[in-house]
Every structure is written in C-alpha cells, then in structure tokens.
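Remarks on the structure that follows.
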Amino acid sequence: MTAVAGPSRMIGAPIKRREDPRLIQGLSHYVDDIKLVDTLHCTFLRSDYAHAEIKSIDTAAAKDLPGVVTVITGKDIEGKVGDVPCGADLPGLKVPDHPALSIGRVRFVGEPIAAVVATDSYIARDALDLIEVDYEELPTVVDPEKAIEAGSPLIYEEFGDNIGFTMPLEAGDADAAFAEADHVVSGRFVNQRLIPNAMEPRGVLAQYLPGDGSLTVWSSTQVPHGLKTNLGLIVDIPEHLVRVIAPEVGGAFGSKLNVYPEEIVVSYLAIQLCKPVKWIEKRTENFTTTIHGRDQINYVEIAVKNDGTITALRAKTIADIGASYQLLTPLIPTLTNLMIVGGYKIQNVKVELIGALTNKMATDAYRGAGRPEATYIIERIVSMAAKQLGMDPKDIRFKNFPQPEEFPLEIATGITFDSGNYQASLNKALEIVNYDEQRAQQAELRQQGKYMGIGLCTYVEICAFGPSAGVPGGGWESATVRVERTGKVTVLSGVSPHGQGQETSFAQIIGDEFGVDIDDIIIVHGDTGRQPQGIGTFGSRATAVGGTAMVVAAGQVKEKMAKIAAHLMEANPDDLVFENGQIFVGGSPDQAVEFATVAGEAHTAANLPPDTDPGLEATHFFEPSNFTFPFGAHVAVVEVDIDTGEIDIQRYVAVDDIGNIINPLLVNGQVHGGIAQGLGQALYEGAVYDENGQLLTGTFMDYAIPKATHLPRFESDHTVTPSPVNPLGVKGVGEAGTIASTPCMVNAVVDALSPLGITQIDMPMTPNRVWQAIQDAKEGGNG
Amino acid sequence: MQIKGDYTVPAPRERVWEYFTDAALLQQCIPGCEALVPIGDDTYEATLRVGVASIKGIYKGTVKLENQQPPSAYRLVVQGKSKIGFLNGLGDFTLEESQENQTTIHLSGELKIGGKLARVGQRVIGGAARMMMRQFFKAVVKLAESEAST
C-alpha cells in the first residue's frame, strides 16, 4: 500500500474550494436544471390524514383535464413495482409492506396516494385538486410512549403492537454495580424530532430508452450506486441497464441517503410512457415527506463512586421511527446504543431500545444519526453527576477517560475505538477558553446576580462507515485513477459529495501523490455510468474510505509510470520522485522526464518496458479494517437573561481530533456548519405534530433554522491523533460539530441556571421554555 | 382545537331557533356562504368562501344538524375540504332565553384541520374561526333587529 509520498505540498493546505465559482455564479446543474426534450411533469397527491382508510379514489376528472397524460394510484402499480426498500436487518425486526403509492390505508400526513403526469407542472398541480379521495379517519397515535402501550391504536394490525423492534444490549453486570454505587444519577432526556431541510429539495428525472431498454435517472441523492441497484430490482430493469446520476446536489445531511417512493414512481412512469418524467419536490413536501431525524426519549441512570468513577450505565430508549421504514430507519437508533458510554471507561452497561411506530413521517439518518443522541445522553448525565457530587465537570471527565496508551480500546458495547487521546483535546479546549478564569468570572457575576454558565462536552463519535460487516450494502469504497494521454488526471470516485468540497480535497491528495498541479486533476463522482461501483457519501466516510481507495489506485498507476519513466531514463524505478509535473531521480531534478511525456509514452505504447501493458489506469476497492472514532472537546460560555429567558452565547470553542487534516478550510467549514445545526437543535428547531398527526411546523415560518445572526463566532482548533485504520490517517469531520454542540449548549445553560436549582431544560431551549423553567424553579423555591 | 363562545341575539328563543334551521336565513348570515342546499336528513351541502390569509379558498362540504331539541339545543357537524386540506368540526349550541326577547347562545365545539391547511393555517385558524363566528352573530343580530323594527 502506497502512503502519501514526497514532500507534502497540497495535503494540509487551505486551498479554496474549486466547486465554489460555479456555485456562486449559478453555473451548476441541479436536477431541475436538466432539461430533456418532451419531458413530462409529475406531482403527487398526498394524504391529508395521519391515519385513515381510503374508501375510494376518483381520478376521472383529473384524467380529463387537458394536458394530463395519466393518473396512477397504488392499485395501478401493485405487483408491478417493488416496495420502498429498508436495508436494515435487525433480529426480530417487523417489516411492514411499503408500497410506493399507498394502497387501502394511509398512515402519516404526506403519504403519497396518487401520481399525476402532465405536459407541464402547473397542469399536473391543478389536476391534483380534481382527484376525489374518500377517507375514513382512524384513531391516530403520535406520542411514541403511548404508541407502545397496550391498547394503543395500531399502525399495523398484523403486528399486534406498535413495536417495530427492540434491541437489548448488556455488558458486565450493571445491576450489581448499581447495588454497590455510592451515587445514582438519573435523568429523562428528549432528543426532539428534526427536519433536515437541505437547501435543495429532492428531485428526480427519469428517462427510459425503449430501443436499448436503458433507464437513466437523475436524482438529488447521496447514494447513486445504491439507488441504481435498488431501482433496477424495484422497476425490473437489469442493473447494467440502469444509470443513476447525482448531478449537483444542494446538501442532504443524510436526508438523501435513501430510496424514496418518488424515485420509484417517476422511474416506473418514464418506462411506461417512454418519455422523460420529472418531479421536483416542493419545500412543503420536503418538510412532510423527506425523512426526519432524531426523535428519541431516553431514561438514563449511571452508578458513580464517591471519587467520580462511573461504574455502570442503564438506559431505556424509545425511538420514534414513524409510520413506515425508509432505507435505514430502524438502524439509526441502534448507533445510539453502541455509542452510549461516550469516551468513558464504563464497563457495565444495560440498555434497552424500543423502536416505536407512530403516525408520523419515518425518521432516518440526519447529520450525526444516532450519535448526537448518545452523546447528549452521556454528556448530560455525566455533567449532572458532577453537579450531584460537587465535582468540577472537567474533573469527572478526566477521571473516567481511558489513557492514550490503552488504544485501540474495546469498549463495553463491543466496538473498538481505533485511537484516542481525550485528555489532550479537553486540555486544549480548556486552555483556549481560559477555563479557570471563566469559572472565577462566573463566581463573580453570580455575586452581581448575573447567570453565566460554562458547558463542556467531550465526545467520541463513529465515522468512516465501513467495514462492510457494519454497513448494509457494504462499507468499502471504490476509485478509478486514470492518467490520460496528455498527462491530465481523471479520478472516478464511488463517493458522492454534495457540498463537502471533495473535488478540492481529493485533488489535493492525488496532486501530492503524482506531484502534479491541482488544475490537472478532475474528480468525477455521482455517476454510476462513469464509476459503476460505489457506496456513497454518508457517515463521514468519504475521505477515510473513498480517499483511501483513490490513493491506493493512484499508487498503482504511479508504480507503472515509474517503471515507464525508469525505462526512458535508464534509472531504477524505486529511486524516482514525482514533483512539479516532473519525474526524476531523487536529488537530481535537472535530469527529469515530464509527467505528461510518460503519460504519452504509456498510450503511444511504442517504447514500453518489457511485460508492460499500454494505458495508465487502476481501480481499487478499499475495505477498511475498522471504523474511525474522532473525538474532541467543546466548551460553550453563555449568559442567560432570567427576565426574558434569552441565551447569549459568548464563547464557543471546539477542539476536534479528526486525525490528519487534508484541507483546513474545508474542515473548518464542516465544523462550523455542524455546530450551526447542533445549535439549531439546541435552541430553535423542533418538528411538532398535533395530536391528530398534523405537522404544525410545516414551513420556515414555524420551523426555525438558525440564521447567521443567531450564531456566535466559532473558535475551532484541533489535536491530531492519526487514525491507524487508513493510510491517510484521517477520521471524518462531517458530523462532529452536530454531535458535540447539543449537550455542550444544554450543559452551559443548565450550569448558568444551577443557582436556581434547575437541573434540566429540554431542547429546543427557546426563550419561552427557559423562562418557564426559571418561573417554575422560582415558584418551587418559594413554595 | 376547542371553540367556545357566548353570543346574545335580541329575539325570542323560538325565532332564533328558526334562524338556525332555515337554510336561506343561515346562508344570509354565514360569512362567505355561497350555497347551502338541503339534501335531506337535516343535512346541507355547503360552499364557503374564506378570505383569510393562509386559509383562503373555497371550502365545500356538508353541514348536519344532530340531536335537535327545539328550541333549546342542537349539534352542528361540519365536514369540509378545500384545495389545501380538510376541516372537520362539531359544535354544540344551547339556546337560553336570557331576558324577554333576548336569547343567549352558548357554543362549545371542536375543530380538526388537516393537510396544508394545518401546516400553514394553524396559527390563524383559531382567530379566523372566532372572527367568522362574530361576523355570523353580528348578521343574526342585524336580522333580528330588522325584524323587530318592522
């Protein structure tokens, strides 16, 4: 395996994103920008009821509207296309049927019932109003704790209850540890339902060519390869005749790591009609029918010794999984179970997870996916324990950290942390924020009646999904590296960046490998026609797994180029150095052959060394031996106005150890964006359904995502503990900010208000909620 | 959503009862009511034009009078839908002769809305419902006053 060779010039450099000029000039092509001749437009009729029997659907008037080509319902495609797939495979998982258009019954508001195809999107939209659906309303259940009680209305009668799955996990002897504990600290936590809100909603364009039987689908997706394989099976087109293209994708955060009903129906319609069919999601559809995130209720307790040592953790999690499964729905909360001990050596664990079906949109992966919940649980309960024991929250953390020399470290839940130095990142964060001074100032301000708080979060997260044993569909990644005849480098990647900037960072990696200019390298992604095999971009895996695949493939090409160059120069290939577009014997840069010349020789093929085939191309499939486990420490300093409940964030320090850094600008962007979304959850966001299953936060008027003015200046820094599981030593940074920032903020606000006796405020900590907690605490105190 | 209200009309209870059960008079008083057609079984087919902000639109559906105890009480069951969702409600009306030639109507009901109407309209629907009730009773009062003066 070839590691990064030569003096590193581009890895580690803050190179500006090569993607941005086209993005900020409006020169990108998203799905809706792709225009094919004779395209028909599709819209979906969606359920207004959260739970109802469909007595009848009358589409006659809609079909009669001039311009309408066809109207289909669930019955029209029953048996002709497969179900919406769920890739999770848990023991005892009850998997309901999930037709792309509902048949007979609807189970959440927004569930697609019928599809209209018309010559333009306005006619299609008008036709929706002409479809008459006769519903018979059924009892609705939206509260996951009520849903799993006996006697609750059943989402699926055949299951007998609303429990989709359970996942118990036990290690050591938690009950014995609790029996011996000096202190037991307990809490009930809520990780509210969130709406991912990617900037670009979803969209699909499908084209079927009856001549060769091929289906091409443009979709705003994170996983074009998974979509290709699944769609082929679902609409019955052989996989090698299906091509999926993810053009420019305007963000996803996990919400496009899926196979959606619309992708299936639009593909089916394109095949039936032999014309291109397009559907572009409206924002209101995005709110209701693109997957939601989080939505867990956690009952947690830890057993603690007088010296702060945490000996055991017990937890019960109720995860609201909604009314049907999307691709990874049941799997997401299982990550909460795996990561529930955080970065602490807690040997005795007993946790229970219940997946509760409710009349709501399915939950699935949203930035962090199960780990923000785990981190919130452990970081809140550890801070509560420190308070209860009268310890500084930093000391209880240092007390329970593993030592750096203990890595790789197998933890109680059965996974092995690849590397770590938790002391270093916490020490650095404390130093940057001037922790001792902040505590002194806090004491002083309290004398003045001001409520300042300092919140800590020391997190560990799981990234770089693979290995394949832990990822449905495979945890490897593929890359093809080709040096063209002119010396230009083409890299075809199986990952599918959609805002991460890897057309830049990957080019830095390859640029260093070949010693060529970044402008001579292109990174091609998101097209199964160009790179047929791949897994995709999610779980902060693209650089660690996809980047490694391409560095290995590049190494193979480089080896062949060295052999050809050595033949031309009559040198030893092992002595050759690739730098500045030249290949030369180390120490003698004046005796060089151009990189492009060697590329030309490889393709002219008239003067190749013996036993050398023409061409310069290699494909590598990289399978990592383990996940990576980035970690870090975040510290927030806040002041709470107890008259208004408003929170002023005065400092936000993030020290993230993500291993080696390819491009610090991109890393900062990921950290900033991650924290912004985490603070969104901590302070503003929350998807609210009423008791009838109606989504009340269905527009940006009612669902508050943070704006720039809502956010503090982020102070981002790093410690570097390279991962041993990939040659780049990288770990992944996409989700760290989102994972660490929610408990960090709640810890800070609760710390600020602790003189009032407040021990917990649920997210989002809106001024109203904080104010109410303050009033309750005052009344409690007076009473 | 719960709806409650007390309204006073300057007319005898028997006359108010007639207002509430006469389709033509009702249509005259219900704001935006474009049609109220009896289809038998104390049921009417109604078309209502609502002009309030995000819940604007034409609502079509049925109105049914149930549990009639003339002239003191009845239940109104409404089922309607528009392009942006559905609206189902029921209201229990009790008519009390509070003074001579004066009737106080107590309303207690609940309203369920769904679809986009719930997503975009939930913040205005309560206010809109109260406003429409006020407009309705204002019209009824006017009707009673005009009858008294003739």
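Residue numbering restarts at 1 for every chain, and letters A, B, ... go by the order of the sequence lines.
- Residue Lys81(B) touches chain A through its side chain alone, counting heavy-atom pairs closer than 4.5 Å.
- Between the Arg13(B) side chain and the Leu95(B) main chain, a donor and an acceptor come within less than 3.5 Å of each other.
- Between Arg46(A) and Glu262(A), at least one side-chain nitrogen of the basic residue sits less than 4.0 Å from a carboxylate oxygen of the acidic one, meeting the salt-bridge criterion.
- Neither the backbone nor the side chain of Val688(A) has a heavy atom closer than 4.5 Å to any heavy atom of chain B.
- Taking chain B as the reference chain and counting heavy-atom pairs below 4.5 Å, the highest number among Leu128(A), Asp690(A), Leu696(A), Val109(A) is found for Leu696(A).
- The contact list for residues 99-108 of chain B toward chain A, using heavy atoms and a distance under 4.5 Å, is empty.
- Of all heavy-atom pairs between Val116(A) and Ile131(A), the closest is CG2-CD1, 3.8 Å.
- Formation of a donor-acceptor pair under 3.5 Å by the Thr59(A) side chain with backbone atoms of Ala62(A) is not found in this model.
- Side-chain contact annotation: Asp295(A) with Thr363(A), donor-acceptor N/O pair under 3.5 Å absent.
- Of the atoms belonging to Ile113(B), it is backbone heavy atoms, and not side-chain ones, that fall under 4.5 Å from chain A.
- The closest donor-acceptor contact from the side chain of Tyr74(B) to the backbone of Phe20(B) lies at 3.5 Å or more, if one exists at all.
- For Thr288(A), the part sitting under 4.5 Å from any heavy atom of chain B is the side chain, from C-beta outward, and nothing else.
- Here the closest heavy-atom approach between residue Gly293(A) and residue Tyr366(A) is recorded as CA-CB, 3.7 Å.
- Stacking of Arg202(A) on the aromatic ring of Tyr260(A) is recorded, both the 6.0 Å distance cut-off and the 45° axial limit being met.
- Heavy-atom pairs under 4.5 Å with chain A were tallied for Val120(B), Leu117(B), Asn88(B); the largest tally goes to Asn88(B).
- Taking the side chain to side chain donor-acceptor pair (under 3.5 Å) definition, one finds that Asn692(A) meets it with nothing, sequence neighbours left out.
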